Structure formats: structure tokens, C-alpha cells
Amino acid sequence: IYDSFIRDDVKPADYEKLTESAKRGRTHLALSASGFFITKDGYILTNHHVVDGAAELVVIRKGTAYRAFVVAKNKKHDLALMKINLFPRGTNGVYEINGLPTVPYLRFADANRLGQTVYAFGFPETQLLGYEPKMTRGIVSGLSGVRDRKDLFQMDLMITHGNSGGPVVDEFGGVVGVACSGLPGISDNINYAINVETVRKLLPQTVKTERNAYGRKLSSENLTQKVLEALVYVLIYKE
């Protein structure tokens, strides 16, 4: 098992050469996307199309870079599960609890409902829009996807390239889906996410996730802060 920690204080100018293979010209930074922690011990959800064909994966959380490893993936439902290995150390963005390093993570909602308000978070079009995370707000506009796919739901909020793999959450901060695609050239207001029921069904039984405890709805500011703690920027290196 390899320690995933690479370095702290990472800036966008460092992204091209974060791994030893990239420094030596064996791999190159090809794409970027989004993901988020779902357990305190470092499991990360993203899309299958994000990790497909990757030679190396690096995730950035609040300026700290980690090597990530794919532990499960499902092409049919466009889901992938990554893991970072947390060794005891004091680094930026890693919290120590009882001597074991942990990361902030998001809990799952029970389901999504037609008309409910949802928020999508991620890193869209970073070359154009910048490297700060972005949030968009909308509603669930359909409980199925293209051609009535039951693993997806439709949203009217805006997502674009780079949002892939980011969390879609409800007003309580619970994950209702994983952003995956839109209909470019047809409508900016038709976008899709893999629903939380499908996500839970496909996760390995060894990955212990938690349900979100429903209480009062969060303000936009508090919800955003909660999600950003668990959000990661995914760098995809290819040979």
C-alpha cells in the first residue's frame, strides 16, 4: 500500500508535473474532472468516463495533492470509485482523529424527488472559467434519463465539461446523485446525474457509507461550505 500524499501548497502551475512519471515525460496531463469523498478513510466517487484510460490519477483538495487509485468501476452506469491511502501525518486538509488521519466526506440522501431543489458542485472548464470550484442551483426536472434510463435523473441546472463526477446535493447537504452528462447543442437546461439509489446499489459492501440525518435545511452558504470540504479536483494523466 502506497502513501497517497504527494505535496501541499499545490498551484495550477504545478499540475502538469505532479507525478514522477509526468516529470520524466512518461505521462502527460490530459483531462480534469471532479469527485468527492464519501467516507472518512478516503473513498472518492467520480464517473467511469473520468478514469477510463488513465495511466495516473491525482486528486487535489484545498491545495493538497494525493495519488488516487481506482478500486471499482462500472461502465454501464458511468460510475467509478477511487481511494487515497491516508498515513498518519499532519498535512493540510487532513484531520487527525485518535491518531488516524481522516478527510471530510458527504453522506447520502434517501432519494431524489421531482421538483426538489438541488445543487451541483465541480470544476467546469477550468482553462476558461478558472480553478476555483463552482456551484449551480436548479430543480430535479425528471426522474429518468435519456430514453427513460432509470439510473439517471434530469436537472435543469447548468453543468459542463469538468463537472463530471461532482456531487449533486439536496438542501440538507445529502448526496442525491453524481453529475455525469448534458445534451450539448440541444439545451443548456437538460443535464443528468446518476441517482443515489444506483450509486448505493453498486458500491462494494466493504465501503461503509452513511445516510444524511435530515434536520433543518441549510443556507446556501453553509451547504456550500459543507460540500466544498469534501470536493476534489481530479487530474487525469495518460501515457
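These figures come from a predicted structure and were not determined experimentally.
- In terms of heavy-atom proximity, Ile236 sits nearest to Leu29 at O-CD1, 3.6 Å.
- If you run side-chain contact (heavy atoms from CB on, under 4.5 Å) between Met82 and each of Val232, Val234, Val50, only Val234 comes through.
- Looking only at side-chain heavy atoms (C-beta outward), Val169 and Val176 stay at 4.5 Å or farther from each other.
- Residue Arg149 holds its CZ atom at 9.0 Å from OG1 of Thr198, rounded to the nearest 0.5 Å.
- Panel note: side chain Thr64, backbone Asp8; no donor-acceptor pair is recorded below 3.5 Å.
- Counting heavy atoms of neighbouring residues, nucleotides and ligands inside a 6.0 Å radius, atom CZ of Arg26 does not exceed 12 of them.
- Here the closest heavy-atom approach between residue Thr39 and residue Val103 is recorded as O-CG2, 3.7 Å.
- Here the side chain of Thr136 pairs a donor or acceptor atom with the backbone of Met158 at under 3.5 angstrom.
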Yes or no on side-chain contact (heavy atoms from CB on, under 4.5 Å) for Arg61 and Phe37, after CA distance, side-chain angles and deciding distance? CA-CA 10 Å; Arg61 179 189 173 272; Phe37 287 110; 3.9 Å; yes
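- Closest of all the heavy-atom pairs between Leu18 and Lys23 is O-CE, 4.4 Å.
- Considering only heavy atoms from C-beta on, Lys238 comes within 4.5 Å of Leu31 through its side chain.
- Glu229 and Gln225 share a donor-acceptor pair across their side chains, judged by distance under 3.5 Å alone.
- In this structure, CG on Asp156 lies 5.0 Å from OG on Ser141, to the nearest 0.5 angstrom.
- Of the N and O atoms on the side chains of Thr126 and Tyr233, at least one donor lies less than 3.5 Å from an acceptor on the other residue.
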Trace of the side-chain contact (heavy atoms from CB on, under 4.5 Å) decision for Asn74 with His48: CA-CA 6 Å; Asn74 186 294; His48 179 277; 5.9 Å; no
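- A salt bridge links Arg7 with Asp14: the closest approach of a Lys/Arg side-chain nitrogen to an acidic carboxylate oxygen falls below 4.0 angstrom.
- There is a path of hydrophobic side-chain contacts, each under 4.5 Å, that joins Val71 to Leu235.
- For Glu125, the CD atom is densely surrounded, since the number of other residues' heavy atoms within 6.0 Å is greater than 12.
- Atom CG of residue Leu79 and atom CD1 of residue Ile194 lie 4.0 Å apart, to the nearest 0.5 angstrom.
- A pairwise comparison of heavy atoms in Val58 and Tyr237 identifies CG2-CE1, 3.7 Å as the closest pair.
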Applying side-chain contact (heavy atoms from CB on, under 4.5 Å) to Asp3 and Asn85, what does each step give before you reach the verdict? CA-CA 6 Å; Asp3 189 351; Asn85 300 320; 5.6 Å; no
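- Atom NZ of Lys40 is separated from atom NZ of Lys208 by 13.5 Å, given to the nearest 0.5 angstrom.
- Closest approach of Asn191 and Leu157 over heavy atoms only: ND2-O, 2.7 Å.
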Yes or no on side-chain hydrogen bond (donor to acceptor under 3.5 Å, both in side chains) for Ser34 and Asn163, after CA distance, side-chain angles and deciding distance? CA-CA 6 Å; Ser34 307; Asn163 275 114; 5.3 Å; no
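- Summarising the geometry, atom OG1 belonging to Thr224 is positioned 13.0 Å from atom NZ belonging to Lys134; distances are rounded to the nearest 0.5 Å.
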Can you check side-chain contact (heavy atoms from CB on, under 4.5 Å) on Tyr192 and Met155, steps first, answer last? CA-CA 6 Å; Tyr192 296 100; Met155 314 170 287; 5.8 Å; no
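- Taken to the nearest 0.5 Å, the CD1 atom of Ile38 stands 9.5 Å off from the CD1 atom of Ile44.
- Counting heavy atoms from C-beta outward, Val227 and Tyr119 have side chains that stay 4.5 Å or more apart.
- The two residues Ile159 and Ala120 make their nearest non-hydrogen contact at CG2-CB, 4.0 Å.
- Aromatic pair Tyr15/Tyr131: centroids less than 6.0 angstrom apart.
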Between side-chain atoms of residues 104-113 and protein atoms elsewhere (two or more places apart, or another chain), which donor-acceptor pairs fall under 3.5 Å?
unit_1, atom_1, unit_2, atom_2, d
Tyr105, OH, Arg107, NH2, 3.1
Tyr105, OH, Glu210, OE1, 3.3
Tyr105, OH, Glu210, OE2, 2.8
Arg107, NE, Glu210, OE1, 2.8
Arg107, NH2, Glu210, OE1, 3.0
Asp110, OD1, Arg211, NH1, 2.8

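- At distances below 3.5 Å, at least one donor-acceptor pair connects side-chain atoms of Asn47 with backbone N or O atoms of Asp78.
- Between the side chain of Asn195 and the backbone N or O of Lys150, at least one donor-acceptor pair lies under 3.5 Å.
- Following chains of ILVMFWY side-chain contacts shorter than 4.5 Å, one cannot reach Val168 starting from Ile139, and the two form parts of different hydrophobic clusters.
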